[in-house]
Amino acid sequence: NSAPPVLVVNGIEVIYNHVILVLKGVSLQLHEKGIVALLGGNGAGKTTTLRAISNLLKGERGEVTKGSIVLRGEPIQNLTPSDMVKRGVVQVMEGRHCFAHLTIEENLLTGAYTRKDKGEVAANLDKVYNYFPRLKTRRTSQAAYTSGGEQQMCAIGRALMANPSIILLDEPSMGLAPQIVEEVFNIVKDLNAKEGTTFLLAEQNTNMALKYADYGYIMESGRVVMDGAAADLANNEDVKEFYLGVG
Ligand code: ATP
């Protein structure tokens with residue numbers, strides 16, 4: 001991807017609770033309209049990296065103690081999570097976090113909180129339903145009674161309601177049947193192609209993520225140990241031995 005990077009993470013260290021060093025110098029780049037996979041096992045530091053980018057570390061008693069994160073030329077470390085949303089960066093958290101007692105549509109509308117124009121909100125809701133026809137069918141159902149796949153779609157749909165240019169997606173495949181994972185990833189691909197949305201996708205499911213991403217970073221113990229074009233990583237012998245077949 002030869003477009004200039006929209007987001008540059010440069011050598012960040014992250015410490016939790018003032019003592020636990022979890023990221024030990026992570027660097028990565030996102031290019032406009034890219035789909036980048038952030039791969040690695042449990043505890044490698046993928047979620048922490050996403051939280052650092054979306055400024056959600058403070059709530060977890062974490063902080064970036066070294067390095068920088070620059071969004072379209074602007075250092076973002078002193079911004080709040082809602083500043084990040086205003087700048088078009090939203091995170092879809094692992095475990096989906098739909099509000100169980102709200103309907104699918106009410107959940108989606110909570111994603112529009114930064115926007116006021118009613119017409120715009122309605123148009124956005126239509127757009128979400130267009131990408132996720134399943135959500136339209138289930139719009140009046142309470143989220144608690146929808147499937148895991150529908151809840152994942154709801155979480156992504158809610159993020160879309162903020163009109164993001166960059167979506168940080170944490171383990172979208174978690175707990176979903178392979179067929180549903182494909183359905184979700186196909187929608188990601190579609191959003192990327194038609195809306196130009198840039199994705200950073202944290203995944204343990206290396207196989208699936210490399211099928212849909214154009215570039216990948218592999219993390220281990222708080223460091224990036226390998227990166228490259230998704231096709232090259234998928235064919236790399238070490239990646240095959242250690243990561244493929246996982247997930
Ligand atoms: P997973 O797939 O389990 O989410 P991950 O690659 O996303 O893994 P992180 O969740 O970023 O990894 O965790 C990296 C390390 O940081 C782990 O050792 C974890 O125990 C630790 N960690 C995560 N959150 C906190 C926290 N709030 N306080 C202290 N340590 C934490």
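Computation of the quantities below employed the complete heavy-atom set of this structure, encompassing side-chain atoms and omitting hydrogens, waters and symmetry-equivalent molecules.
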Can you name the closest pair of heavy atoms from Ile12 and Ala52 and give their distance?
CD1-CB, 3.9 Å
Between Gln77 (side chain) and Ile69 (backbone), is there a donor-acceptor pair under 3.5 Å?
yes
Please determine whether the number of non-hydrogen atoms from other residues, nucleotides or ligands lying under 6.0 Å from atom CG of Asn17 exceeds 12.
yes
Could you grab the distance from atom CG of Leu30 to atom OG of Ser165, nearest 0.5 Å is fine?
10.0 Å
Using side-chain heavy atoms (C-beta onward) and a distance below 4.5 Å, is Cys154 in contact with Arg138?
no
Exam field: side chain Ser27 to backbone Gly11, donor-acceptor pair closer than 3.5 Å:
yes
If hydrophobic clusters are built by linking Ile, Leu, Val, Met, Phe, Trp and Tyr wherever their side-chain heavy atoms come under 4.5 Å apart, do Leu168 and Val188 end up in the same one?
no
Indicate whether the side chain of Thr80 and that of Asp83 have a donor and an acceptor atom separated by less than 3.5 Å.
yes
Atom OG1 in Thr110, atom CE in Met161: separation rounded to 0.5 Å?
8.5 Å
So, the side chain of Asp214 versus the backbone of Ala230: is there a donor-acceptor pair under 3.5 Å, distance only?
no
Heavy-atom count around Glu74 CD within 6.0 Å, excluding the residue itself: above 12?
yes
Give every residue pair that meets the salt bridge (Lys or Arg N to Asp or Glu O under 4.0 Å) criterion with at least one member in residues 215-224, sequence neighbours excluded.
none
Quick check: do Glu106 and His101 have side-chain heavy atoms less than 4.5 Å from each other?
no
Give the C-alpha distance, both sets of side-chain angles, the deciding distance and a yes or no for side chain to side chain contact (heavy atoms under 4.5 Å, CB included) between Glu195 and Lys127.
CA-CA 10 Å; Glu195 308 289 325; Lys127 190 160 86 181; 3.2 Å; yes
Between Val92 and Gln152, is there a side-chain heavy-atom distance shorter than 4.5 Å?
yes
Would you give the length of the straight line joining atom CG of Leu57 to atom OG1 of Thr49, rounded to the nearest 0.5 angstrom?
9.0 Å
Verify the cluster assignment for Ile167 and Leu38: are they in a single hydrophobic cluster under the rule of side-chain heavy atoms below 4.5 Å apart?
no
Go through the side-chain N and O atoms of Tyr129 and Glu105 and say whether any donor and acceptor fall under 3.5 Å apart.
yes
Polar side-chain atom of Asn192 near backbone of Thr197 as donor-acceptor pair, under 3.5 Å:
yes
Closest approach of Gln91 to Leu50 (non-hydrogen atoms, all atoms of both residues)
OE1-O, 3.2 Å
Do Leu79 and Val85 share a hydrophobic cluster (ILVMFWY, side-chain heavy atoms under 4.5 Å, transitive)?
no
Can you tell me how far the OG atom of Ser147 sits from the CG atom of Leu176, to the nearest 0.5 Å?
8.0 Å
Can a side-chain donor-acceptor contact be found between Tyr16 and Thr48 if the only test is distance below 3.5 angstrom?
yes
According to a 4.5 Å side-chain heavy-atom criterion applied to Ile, Leu, Val, Met, Phe, Trp and Tyr, with indirect links allowed, do Tyr217 and Leu7 form part of one hydrophobic cluster?
yes
What pair of heavy atoms forms the shortest contact from Ile53 to Met84, and how long is it?
O-CE, 3.3 Å
Keeping Asn107 on the side-chain end and Phe99 on the backbone end, is there a donor-acceptor pair under 3.5 Å?
yes
Would you check if Val6 and Ile166 make a side-chain contact, meaning some heavy-atom pair closer than 4.5 Å?
yes
Membership question, hydrophobic clusters at under 4.5 Å side-chain separation (ILVMFWY): are Leu233 and Tyr215 in the same one?
no
Determine whether a donor-acceptor pair (N or O, by modelled atom type, separation under 3.5 Å) exists between the side chain of Gln142 and the backbone of Ala144.
no
What pair of heavy atoms forms the shortest contact from Leu160 to Asn124, and how long is it?
O-ND2, 3.2 Å
Measuring only between side-chain heavy atoms, which start at C-beta, is Ile187 closer than 4.5 Å to Ile156?
no
Could you walk me through whether Gln29 and Asp227 pass the side chain to side chain contact (heavy atoms under 4.5 Å, CB included) test, one step at a time?
CA-CA 11 Å; Gln29 296 193 348; Asp227 66 293; over 6 Å; no
Using a cut-off of 6.0 Å, state whether more than 12 heavy atoms not belonging to Lys24 lie near its atom NZ.
yes
Pairing residues for Tyr212 by the ring-ring contact (aromatic ring centres under 6.0 Å, His included) criterion, not counting sequence neighbours
Phe185
Locate the shortest heavy-atom distance separating Ala143 from Thr146; write the atom from each residue and the value.
O-OG1, 2.7 Å
In short, Ala209 meets Leu39 closest at the heavy-atom pair CB-CD2, 3.8 Å
Would a distance-only check, ignoring hydrogens and angles, find a side-chain to backbone donor-acceptor pair under 3.5 Å from Asn130 to Asp126?
no
Set out, in order, the CA-CA distance, both residues' side-chain angles and the distance that settles side chain to side chain contact (heavy atoms under 4.5 Å, CB included) for Thr103 and Arg139, then state yes or no.
CA-CA 6 Å; Thr103 65; Arg139 52 190 283 268; over 6 Å; no
Val224 side chain near Met219 side chain, heavy-atom distance below 4.5 Å
yes
Okay, side chain of Glu150, backbone of Arg134: is any donor-acceptor separation there less than 3.5 Å?
no
Are Arg51 and Val14 packed together at the side-chain level, in the sense that at least one heavy-atom pair is separated by less than 4.5 angstrom?
no
With a 3.5 Å distance limit and no angle check, can you tell me whether Asp170 reaches the backbone of Thr47 through a side-chain donor-acceptor pair?
no
His31 side chain reached by Thr198 side chain, heavy atoms, under 4.5 Å
no
Rounded to the nearest 0.5 Å, the CG atom of Asn42 sits from the CD atom of Glu171 at a distance of 7.5 Å
Rounded distance [0.5 Å steps], CG in Leu21 versus OG in Ser221:
11.0 Å
Could you go through the salt bridge (Lys or Arg N to Asp or Glu O under 4.0 Å) check for Lys46 and Glu94 one step at a time?
CA-CA 11 Å; Lys46 306 181 296 298; Glu94 184 178 344; over 6 Å; no
